[in-house]
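Structure first, commentary second.
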Number of protein chains: 2
Amino acid sequence: METIQQRFTVSFSYPVLFTTHLFDPSNPQLRLFFETFPGGDFRRKILFCVDAGVLTAYPELPLQAAEYFRSLPMEYIPEWVVLPGGEAAKNDPALFDAIVDAVDQFGIDRHSFVAAIGGGAVLDLVGYAAAVSHRGVKHIRIPTTVLSQNDSGVGVKNGINFRGKKNFLGTFAPPVAVFNDFAFLATLDDRDWRSGISEAIKVALIKDKVFFEWIEANAEALARREEAPMHYLIHRCAALHIDHIGGGDPFESGSARPLDFGHWAAHKLEYLTDFRIRHGEAVAIGIALDTYYSELSGRLTGDDAQRVIKVLLKLGFDLFHPALGEDDCAHLLNGLREFQEHLGGRLTITLLDAVGKGVEVHEMDDTLIRQSVNRLRSSHLAWA
Amino acid sequence: METIQQRFTVSFSYPVLFTTHLFDPSNPQLRLFFETFPGGDFRRKILFCVDAGVLTAYPELPLQAAEYFRSLPMEYIPEWVVLPGGEAAKNDPALFDAIVDAVDQFGIDRHSFVAAIGGGAVLDLVGYAAAVSHRGVKHIRIPTTVLSQNDSGVGVKNGINFRGKKNFLGTFAPPVAVFNDFAFLATLDDRDWRSGISEAIKVALIKDKVFFEWIEANAEALARREEAPMHYLIHRCAALHIDHIGGGDPFESGSARPLDFGHWAAHKLEYLTDFRIRHGEAVAIGIALDTYYSELSGRLTGDDAQRVIKVLLKLGFDLFHPALGEDDCAHLLNGLREFQEHLGGRLTITLLDAVGKGVEVHEMDDTLIRQSVNRLRSSHLAWA
Ligand SMILES: NC(=O)c1ccc[n+]([C@@H]2O[C@H](COP(=O)([O-])OP(=O)(O)OC[C@H]3O[C@@H](n4cnc5c(N)ncnc54)[C@H](O)[C@@H]3O)[C@@H](O)[C@H]2O)c1
Ligand SMILES: NC(=O)c1ccc[n+]([C@@H]2O[C@H](COP(=O)([O-])OP(=O)(O)OC[C@H]3O[C@@H](n4cnc5c(N)ncnc54)[C@H](O)[C@@H]3O)[C@@H](O)[C@H]2O)c1
Ligand SMILES: [Zn+2]
Ligand SMILES: [Zn+2]
């Protein structure tokens, strides 16, 4: 009997907006968004989920939001779901259940919104719960860290950990909008301010030499926590990520992952340190490692490699961790095998041919990896 | 600062194949599928999850499959995950965890396959677990009931129940292939054989008059469990569902759901009877109710309405349930309100203008609903 072939395409689209003081009564952005959102005759509700770290720093938020939504043509749920910030958000299945319970209790349907305010971890958790409740309620992200504003929060992935396995459960589920409110960054601690900058360096190194040079020129100002350059950095980094995702393979059906430059070692390092180092801090080390590797394997000039190291150091990143070298790098090399497994058996790693020019390779040499680690270790002593 | 607009489309495609004795060594279908599946250089694994009802009826399956896969270029996992059949599969969160654990334990990655063999309930559970493990491992469906072969198994939805709420958690996640093996139907009990036929009547009534006339002509043969007409019915019904999903709004971003003809009452009836009546049995009653309603509201001729009732009766469906009329239809009418809530406040219901011609309406009249129920009740006495 004849085979039937199903075929269709689905279109996705969402704006990423940049603003300050989103809930200020004079800020029109949210109002404009809701007033022009298609399907105005649906009865819509909005439920907020917030990172406890953010709520502590901004305890007035729920009242401000309640006031803001008073004049909007939708039902605002005054009860907020408060979630612990950081990786803890993704480790406890009860938090997932709590969000789904709230969706149920407050009658959030597929035409209503769940908005998440917080760092990348809380956004990943809430995005996942929203994506699978009723097979997907509308999801709004309001990222509050550098990393989530310039990378994780503007993309299409979400996820939680399962029995300690990082991001084991998750979906590809585009939000309906992302609001990057720069005012939140003021209360970040220095590690979180710095951490997300490594994603900008990453994407500049593989795609945009001019942006990398801008980061070099502004490294001190960024390290001093000047606001204007940080706003530019976030906007440009977000734009590069958004272009890449939209222009490529958004739901990652292939195995190439150019945006994962520096990430194979970073992932392993996060595990080896029990997530005591931040994602962005691990990425900085991963970038340094793969930069040295690119040089040692004859791709990158020594001068270019030094520029990369220098900008990372200027920003205050620590570029070595003892876990890298432990047992003659056995753990780290295992991480490479695991990454290969994860990609379905075919390894794809991004290295650098030059500043601003990533290149994909399909194998890495253990000896050169060890040499890169040794070089990081000895430079580290010199830098200190 | 300038808003960035993300926009992209994602293409989906999968074959729905029709066969008998899928794991027979002489059946080339599975072999052909895997040999031509793109990306031959990935190391791929396949993990099977099976409905306990199916395994009891076909205890030789795992051995047959092991033998079949011996000559295929992939790693076959000999341990099968066995899941209780029927709605129980979707009620117990521990079963979801068991599938995710197996994905972890056997190292199923995004380039490997999870295949599900079973009725609609087991397919919904396994499809959900596969869709969220690693943000989606490749999923193959092997439906074994009439309903899952002609409707639920060929579509893009999956789901499980959450705290007793039907399909509260789920995703839209197309499989990579569906293999409809007719040989499985032999061991269905009569209720499950019959139940799925109502979905064919549903889709014929709203879209295909010629198919409806074919069902009328073959109703006795279908009721006698003749195989050839059942195979044709499943193929045609699956084709109509597949066309509709692919041509319309596959991930249901709007609120129109023409394929839900007869379903608003059916859903409520499933709840009111604690899922003691099958989905397809409830749909048959829902079709009868909305057919009378279409007649009473002046859309459908009395002759056409009688044809619908007659074919359902010939097939052996019971067309009334006391829960419909309880408390002067209060529960049923509540079901209509809940359906409206579920659609985001704007009601869309499909009725019939003629046999083969559905029409969308945005309100239903309580009095006419009560009259339709009364008519079903009194006809029921006459039919008995
Ligand atoms: N989905 C993706 O594509 C993707 C990509 C990269 C990383 N991630 C995930 O992102 C997570 C890391 O996110 P992160 O770096 O944003 O950190 P985070 O979410 O772990 O937050 C770090 C800390 O900052 C606090 N915080 C957040 N905003 C604050 C503010 N404005 N003021 C004061 N404190 C604030 C939080 O409460 C938390 O304690 C990881 O779980 C990682 O896996 C996801
Ligand atoms: N995903 C969708 O789009 C969609 C659409 C409609 C219905 N559904 C779901 O489908 C489910 C109903 O599915 P169903 O009607 O296939 O029934 P079912 O899955 O509930 O199975 C009914 C019984 O038949 C047994 N069984 C299955 N195949 C058998 C075989 N070949 N021989 C002997 N016994 C067999 C099962 O073990 C079970 O006991 C419901 O949960 C419903 O919500 C999903
Ligand atoms: Zn990253
Ligand atoms: Zn149905």
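All chains are named by letter (A, B, ...) in the order of the sequence lines, taking the proteins before the strands, and each is independently numbered beginning at 1. Everything numeric in this text was worked out from a predicted model, so none of it was measured.
- For a residue to count as touching a neighbouring chain, one of its non-hydrogen atoms must lie under 4.5 Å from one of that chain's; by this rule B:Thr19 does not touch chain A.
- When each of B:Ile245, B:Leu169, B:Leu17 is scored by its heavy-atom pairs under 4.5 Å with chain A, the top score falls to B:Leu169.
- Across A:Val103, A:Val16, A:Val178, the residue that shares the most heavy-atom pairs under 4.5 angstrom with chain B is A:Val16.
- With a threshold of 4.5 angstrom between heavy atoms, B:Arg163 approaches chain A through side-chain atoms but not through N, CA, C or O.
- Within the 4.5 angstrom heavy-atom criterion, no atom of B:Asp249 approaches chain A.
- Proximity to chain A is absent for every atom of B:Phe179, based on heavy atoms less than 4.5 angstrom apart.
- Classification of the B:Phe8-A:Phe251 ring pair by plane angle, with boundaries at 30° and 60°, yields perpendicular.
- Ranked by non-hydrogen atom pairs under 4.5 Å with chain A, the options B:Thr171, B:Asp109, B:Val10 are led by B:Val10.
- Looking at A:Arg110, its side chain does come within 3.5 Å of a backbone N or O of B:Glu252 through a donor-acceptor pair.
- Residue B:Pro174 touches chain A through its side chain alone, counting heavy-atom pairs closer than 4.5 Å.
- If you measure heavy-atom distances from B:Phe12 to chain A, the contacts under 4.5 Å come from both the backbone and the side chain.
- Heavy atoms of A:Ala131 lying under 4.5 Å from chain B belong exclusively to its backbone.
- In this structure, the portion of B:Val156 lying under 4.5 Å from any heavy atom of chain A is its side chain and not its backbone.
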Item to complete: Check step by step if side-chain contact (heavy atoms from CB on, under 4.5 Å) holds for B:Ser13 and A:Gln5.
Response: CA-CA 7 Å; B:Ser13 118; A:Gln5 185 68 38; 3.3 Å; yes
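- If you measure heavy-atom distances from A:Ser112 to chain B, you find no contacts under 4.5 Å at all.
- B:Asn180 does not touch chain A: none of its heavy atoms, backbone or side chain, sits under 4.5 Å away.
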